[in-house]
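Order of the sequence lines sets the chain letters (A, B, ...), proteins ahead of strands, with each chain counted from 1.
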There are 2 protein chains.
Amino acid sequence: MTRTPLSGVACSIARATDLFGDAWTALIMRDVLVGVTRFDDLAEDLGISRKVLAARLARLVAEGVLVRERYQERPVREHYVATEKGRELYPVLLALMNWGDRWYAGESGPPVRLRHLGCGELTSAVCACATCGEPLTADDTLELPGPGGRTGPGTQVLGRLLKSRAHG
Amino acid sequence: MTRTPLSGVACSIARATDLFGDAWTALIMRDVLVGVTRFDDLAEDLGISRKVLAARLARLVAEGVLVRERYQERPVREHYVATEKGRELYPVLLALMNWGDRWYAGESGPPVRLRHLGCGELTSAVCACATCGEPLTADDTLELPGPGGRTGPGTQVLGRLLKSRAHG
DNA sequence: CGTGCTAGGTTCCTTGAAGGAACCTCACCC
DNA sequence: GGGTGAGGTTCCTTCAAGGAACCTAGCACG
């Protein structure tokens with residue numbers, strides 16, 4: 001099968017999904033960020049094959065998203081903790097959670113609530129414009145070719161489209 | 001292989017990744033939301049196998065994320081457009097893009113820039129608290145069990161953790 | 001009217017990753 | 001020196017991803 005490698009593609013979404021676009025990886029990161037950090041706990045929690053879990057963790061460590069850390073000396077015990085790069089995946093998880101809550105939560109409501117320690121309130125995450133603070137949607141944003149943009153594999157048509165948009 | 005079905009799991013992230021946690025789906029949604037909507041254009045742009053593209057599109061239509069729409073009568077031509085449910089995946093894409101920009105953009109900068117039509121500025125997306133508007137990070141939020149929470153497969157350990165947290 | 005082009009898929013075959021379960025190893029503990 | 005628990009590896013089977021060829025319907029043109 002040799003899943004098509006997307007890491008070379010000139011698109012940050014492609015680069016991110018190359019790592020993250022795997023059903024298990026998102027759930028592993030959710031667990032690690034929430035506090036389930038040990039191999040056996042992850043295996044039990046996710047119901048994932050131990051082989052696949054080992055492979056995913058190794059990948060995440062290699063990518064610098066997690067580090068394996070000794071939390072006890074005698075006996076030696078290790079667990080996985082998120083690096084800064086890993087913690088910054090949190091917004092992706094919140095966005096997924098928001099969407100899942102909105103479209104799949106049953107009558108009983110969402111399975112997990114979120115408390116923001118900054119303001120103390122139960123809340124949800126919104127995707128906002130970094131400049132003006134207003135919510136961002138697909139309809140009021142425009143993608144434009146950026147400085148690092150090459151039209152490479154994975155963005156054939158998209159590249160042309162963005163270029164034409166930049167001119168028009 | 002029979003990818004473990006996650007849709008029954010009491011976690012919105014799991015439900016969302018069940019659909020979205022696939023390298024191609026995110027890229028297809030990126031393209032569709034940006035304006036690449038025809039089968040052949042998608043196939044060319046992504047370099048995806050036509051078979052897999054057809055399967056993904058069918059899945060996305062079945063999930064109500066895309067609809068197949070006739071845009072020309074003679075000859076009959078159809079394309080795929082995002083529903084509201086699909087357009088609301090945009091924040092997930094922006095979060096992925098942000099992360100990819102931050103950690104993988106080369107010296108030349110990000111491949112795509114974003115213009116917010118609301119304020120007119122080039123911008124990026126931030127993940128903010130819906131209540132107070134401040135940015136949300138993994139460190140200043142706390143997950144708590146919600147009304148729809150059952151401890152089901154996929155949240156064994158997590159469920160216990162959240163419960164203990166709710167009491168402590 | 002037959003040949004060709006384009007959009008939009010299907011079919012066929014091969015490979016390789018996901019699942020599952022058993023097995024392994026090391027350090028402790030009694 | 002047998003048991004236990006953490007943290008993986010190994011082995012085997014199955015099923016979907018990739019790739020490329022093939023198919024079909026509707027023009028369109030000479």
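- Rounded to a whole Å, the CZ atom of B:R70 is 11 Å from the P atom of D:dG26.
- Using a 4.0 Å cut-off between charged nitrogen and carboxylate oxygen, B:D40 and B:R50 count as a salt-bridge pair.
- For D:dA16, the OP1/OP2 oxygens have no side-chain nitrogen or oxygen of B:W24 closer than 4.0 Å.
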If a protein heavy atom is under 4.0 Å from the base, mark B; if only from the sugar-phosphate, S; if neither, -; do that for nucleotides 4-12 of chain D going 5' to 3'. --SBBBBB-
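- Counting to the nearest Å, the P atom of C:dG9 and the CG atom of B:L53 are 8 Å from each other.
- In summary, A:E69 and A:R77 do not engage in a salt bridge, as defined by a charged side-chain N under 4.0 Å from a carboxylate O.
- Remark: C1' of D:dG18 and CZ of B:R56 are 12 Å apart, rounded to the nearest angstrom.
- Side-chain atoms of B:Y71 and B:T37 include no donor-acceptor pair closer than 3.5 Å.
- Taking atom CD1 of residue B:I28 and atom P of nucleotide C:dG8, one finds them 15 Å apart after rounding to whole Å.
- Between B:R15 and A:W103, the closest side-chain pair of non-hydrogen atoms is not below 4.5 Å.
- Rounded to an integer number of Å, the gap from B:E69 CD to C:dG8 P is 13 Å.
- Side-chain rings of A:W99 and B:F20 stay apart, their centers remaining 6.0 Å or farther from each other.
- Between the CG atom of A:D22 and the C1' atom of C:dG19 there is a distance of 14 Å, rounded to whole Å.
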Check against salt bridge (Lys or Arg N to Asp or Glu O under 4.0 Å), B:D18 and B:R59: CA-CA 11 Å; B:D18 187 45; B:R59 174 93 199 278; 3.7 Å; yes
